[in-house]
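One structure below.
All heavy atoms count here, side chains included; hydrogens, waters and symmetry mates do not. Quick caveat, the model's predicted, so the values are computed rather than measured.
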Amino acid sequence: MRTNYFQILLALSFTVLINTTVFSQDLPTRAKVIQPITQDIPLYTPSISVDSVAVKSITEAAQDTIRLDSVKLKKEFLTDNVKYHAKDYSSFNRLEQKLYLYNEAEVDYQDMNIKAGVIVIDYSKNEVYAGRIQDTSGVLTQKPVFTQGQSVVEPDSIRFNFDTKKALIFNSKTEQSGFNILAPIVKKENDSVVFMAKARFTTSEDVEDPDYYFKASKIKFVPGKKIVVGPTHMVIANVPTPIAVPFGFFPLTDTQTSGIIIPTFGEDSTRGYFLQNGGYYFAISDYVDLALLADYYTNGSYGFRAETTYATKYKFRGSAAFRYESLINSEKGFPDYSKSTVYNIRWSHSQDSKSNPNSSFSASVNLGSSSYYQQSVNQINTGNFLNNTLSSSVSYSKSFTGEPQVNLSVTATHSQNTQTEQINMTLPTFQGSVGRVFPFAPKTGSSKGIIQNINFQYSVRAENQIQTTDSLFFKPEMFEDARAGVQHNIPLSTNFKLFKHFSLSAGSTFQENWTFKTVEKYYDQDTDEVITESVNGFDAYRTYNFSTSLGTTIYGMFDFKKEGENPKIQAIRHVIRPAISYNINPSFDQYYDTYDVISADGTTQDSYSRFEESIFGSPNQNFSSSIGLSLANNFEAKVRDKDTTATEAKKVMLLNNLNFSTSYNIAGDSLQWSPVRVSGGTQILNNKMNINFGATLDPYALDNNNNKIDVYNINNNGSLFRLTSANLTLSYSLSNDLFSGEKKDEEDQRGIQENLRGGGRADDLFGVSQDFTDQSFFDNDDEEDEEKEDNEFYKFKIPWTLNLAYAVNYSNTQRQNEVSSHSLMFSGDVSLSPKWSVGASSGYDFKNLGFTYTQLRLERDLESWRMNFSWVPFSSRKSWYFFIGIKSSILSDLKYDKRLQPDQQL
């Protein structure tokens, strides 16, 4: 029995001796200065470890007579290895039980990291202290940086307890979800709760001297979850303001979170006070969200919006929106009282091409009330106020690989004129095609020759067309006059070289058209009118034609360079592409019927085709045989390069194209020549200016009633041609970078995307859609332009842009000799300073002598704030809108905005 106890005590003593020796050898003395090292601190513990084999043998020998006492081991103060590093020295004081780290000290323990000038680990209190050190000039440097998980704190000094996980932090500075928080004293309760006293928080990047901040008496801070504050007041430019709240709550999250959307308050001169764009945001999942927004006006008007976005990585992404507004104008009892409803539906969907290379689905939908953009009072629709067209397209296509390849597609389209309220739709259009088949092509090598190049295709198009109006949209009546049909095409063609320099192609097309509704006409003698009746049922007609064309390319060079000379214009290159074509279309009289018309002068017969109201029209009744003539030109110059080191001349395009085309109808009895169409275009000034022009020249004269007659104009004491119409369009984009030679930055696209989604222009010539309360319209990237900031003489380099669009149309078909339209549109932006920007969009109608829709814009960058002003000085949407608010999305509801709508007109 005594032997067993002695063995146990011996084993325990031996274990303690080994542990103590190892620990003493691993820690350096305080007086000894060592080289910078990085190593793990061994676990210092007075607990006793027992050899398991020895204990097992003792227990087995005495288990029938004695029961060993269980010794409860003391919990270790460090449960993991501590890694430390110091530049100057690392020293352990046995008497104080403290480890000293000096100069660029760093300690890692689990998820905690501390960097500081000096770090002291107190083993007796299980604490760590970190602080600053003085440099040679006496300035305190190397402030501690305390990192735990995602939380980063930069205080003057810190005390941290390894057991309780509590910490005292002095003069801390931390950042959470855009908030910069400064506090003189911070108590870190545990990993998830932090208390602060007399703290201030701001979204300003300049934490030491912020342009504004909130000062709170006490703050409870839960990293990654929330900030709860007590009595808080706002300070702007170190001046206290009366803006104060008794308490506040700020949710913090790195993921999508559902929540309330605070509405905008305002006043409308015609609809009263309002709450606008308030609602709720649903973060449904990582792939889809939903925002429900509503507007309410005190005169009874209201609006509703539902918007959602969705995305699946590497597959597809899209968005959808529904907007509805019930608008009341004036008051009941007044003659101008009215009540109307407008709506708008949008849907965009795009598929990643890598998800399925053989099939794709896309959608771009923009439909609704024709007057939506004109009547809507939402500021977001400013840029689409002048939009006259709404269009939509939803399509699915699939390809079947093989020889030949088969392609199928189904498309639904919509086109709506907001002025006439006319709507054209195809619901749906089916298209199928089979790739080209060369039946006589050799099995090896490329096909050559007239026989080898013979090929044919097959395509089918089935379409259901609907023509309706805005008032009948989405009602059963819109389908009453729907037209459906199917068209089959089989083109047969070949091509080959003729006399080496000419290319000749010939082809014939067979076409079969199916329809499900025809017409029947007869003359009603009682009512003295022609009656047209619809006949339901399947019917079809078949047509064919033949065409051939011959063309070549001629190159000409005008060389101005002589021996020993180096002129600025060295050569002009002229490329001519003449072509002649022949088309023959037989007459298909078998598809035409006649009816008798009885009048006082006798009985006459009129012909008609029962297919004339079919979706693809009626077959050709008159035989036609025509020759087409075309001439395409372009001009290019070689000029001396300004760069003296360049070895070759610089190419400059003079005219991209200058085209002439006409045709002669051989089978016609009169007016055999068609008007000559002239068109051209070019780009000049480093491709910044686009110029396009066109004209129509008619060789025939007019009679005294301004009707075209079969007499050449030159034989009627006139010129060779009559100019019946002409047009010229010019667009020009200018910026300061064009003259400085620097590369222009990417154009600011704020609000332009909303213009495009609404079917408007891809520029700001008609104004920019702006909703200053919506953060999605503004660039939240707070990176500053260092070049502008460092440029002391910024006034000598003012960034600016200018966009011009000029259009003029001339009409003289019946001797009216007038300019039908003549206008100039312009828009521009000027950065008066790195923080000030002004812009404008307007135009001038030279025919009606008046300015077009005008918008003036102003923006001021106030560091953490932004200020915007938009003004429409005249038109039916005359208004102004002022906004000032904090940039950060977390404080986006802290704002002031004021708008003034047009005065109520009685």
Side-chain angles (χ1 to χ4, degrees), residues 40-41 43-44 75-86 90 92-93 96-133 140-177 179-202 207-208 215-230 250 252 254:
D40 292 346
I41 301 176
L43 301 181
Y44 175 68
K75 183 179 179 181
E76 298 176 350
F77 123 71
L78 294 177
T79 59
D80 201 351
N81 290 338
V82 177
K83 297 181 179 180
Y84 67 89
H85 168 79
S90 303
F92 181 75
N93 188 308
E96 298 178 353
Q97 292 295 302
K98 293 181 179 179
L99 175 64
Y100 294 88
L101 307 175
Y102 188 81
N103 196 7
E104 297 184 9
E106 183 176 359
V107 172
D108 284 296
Y109 175 70
Q110 294 181 346
D111 66 338
M112 182 197 71
N113 174 270
I114 300 178
K115 297 178 181 179
V118 59
I119 297 177
V120 179
I121 301 178
D122 191 337
Y123 286 89
S124 62
K125 296 181 180 180
N126 296 346
E127 290 183 356
V128 58
Y129 166 82
R132 299 170 292 176
I133 61 174
L140 294 174
T141 60
Q142 297 188 31
K143 296 178 65 173
V145 179
F146 177 79
T147 305
Q148 188 167 25
Q150 300 296 325
S151 178
V152 180
V153 183
E154 299 182 23
D156 288 345
S157 60
I158 184 173
R159 288 176 59 190
F160 178 78
N161 189 286
F162 288 100
D163 285 344
T164 63
K165 303 292 184 180
K166 296 182 179 181
L168 277 179
I169 305 171
F170 302 94
N171 294 327
S172 69
K173 180 177 66 175
T174 184
E175 188 273 337
Q176 283 289 327
S177 300
F179 272 131
N180 291 309
I181 307 173
L182 296 90
I185 301 176
V186 176
K187 182 180 179 182
K188 187 174 184 293
E189 194 68 20
N190 48 47
D191 290 345
S192 59
V193 179
V194 176
F195 295 97
M196 302 178 180
K198 298 180 180 179
R200 61 180 186 176
F201 55 94
T202 179
V207 182
E208 301 299 332
K215 191 171 183 179
S217 59
K218 52 186 177 180
I219 294 179
K220 181 181 179 181
F221 169 43
V222 181
K225 293 186 178 180
K226 60 185 177 181
I227 295 178
V228 182
V229 301
F250 303 94
L252 303 177
D254 294 330

Check whether any side-chain heavy atom of [X] lies under 4.5 Å from a side-chain heavy atom of [Y], and answer yes or no.
X: Thr147; Y: Met112; result: no
X: Phe170; Y: Ile158; result: no
X: Tyr123; Y: Lys98; result: no
X: Pro155; Y: Lys143; result: no
X: Arg132; Y: Asp156; result: yes
X: Gln97; Y: Lys125; result: no
X: Arg159; Y: Glu127; result: yes
X: Val128; Y: Val120; result: no

Inset, instruction - Check step by step if side-chain contact (heavy atoms from CB on, under 4.5 Å) holds for Tyr100 and Phe92. - result: CA-CA 6 Å; Tyr100 294 88; Phe92 181 75; over 6 Å; no
Inset, instruction - Please step through side-chain contact (heavy atoms from CB on, under 4.5 Å) for the pair Val194 and Lys187, ending with a clear verdict. - result: CA-CA 6 Å; Val194 176; Lys187 182 180 179 182; over 6 Å; no
Inset, instruction - Would you check if the side chain of Gln142 reaches a backbone N or O of Glu104 as a donor-acceptor pair within less than 3.5 Å? - result: yes
Inset, instruction - Give a yes or no on whether the backbone of Glu154 and the side-chain of Ser172 come within a donor-acceptor separation of less than 3.5 Å. - result: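 No: the side chain of Ser172 does not pair with the backbone of Glu154.
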Inset, instruction - Please confirm whether Phe195 and Phe221 have ring centers closer than 6.0 angstrom. - result: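 Ring centroids of Phe195 and Phe221 are no less than 6.0 Å from each other.
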Legend entry - With Tyr129 via ring-ring contact (aromatic ring centres under 6.0 Å, His included) - residues at least two apart: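 None.
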Inset, instruction - Among residues two or more places apart or on two chains, list those pairs meeting salt bridge (Lys or Arg N to Asp or Glu O under 4.0 Å) that have a residue in residues 221-230. - result: none
Legend entry - Atom pair CD1/CD1 of Ile181 and Ile219 - distance to nearest 0.5 Å: 6.0 Å
Legend entry - Donor-acceptor pair between Asn126 and Asp163 side chains, under 3.5 angstrom: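 Yes - a donor-acceptor pair under 3.5 Å links their side chains.
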Legend entry - Asp108: partners by side-chain hydrogen bond (donor to acceptor under 3.5 Å, both in side chains), with sequence neighbours left out: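 By the side-chain hydrogen bond (donor to acceptor under 3.5 Å, both in side chains) rule, Asp108 matches Asn113.
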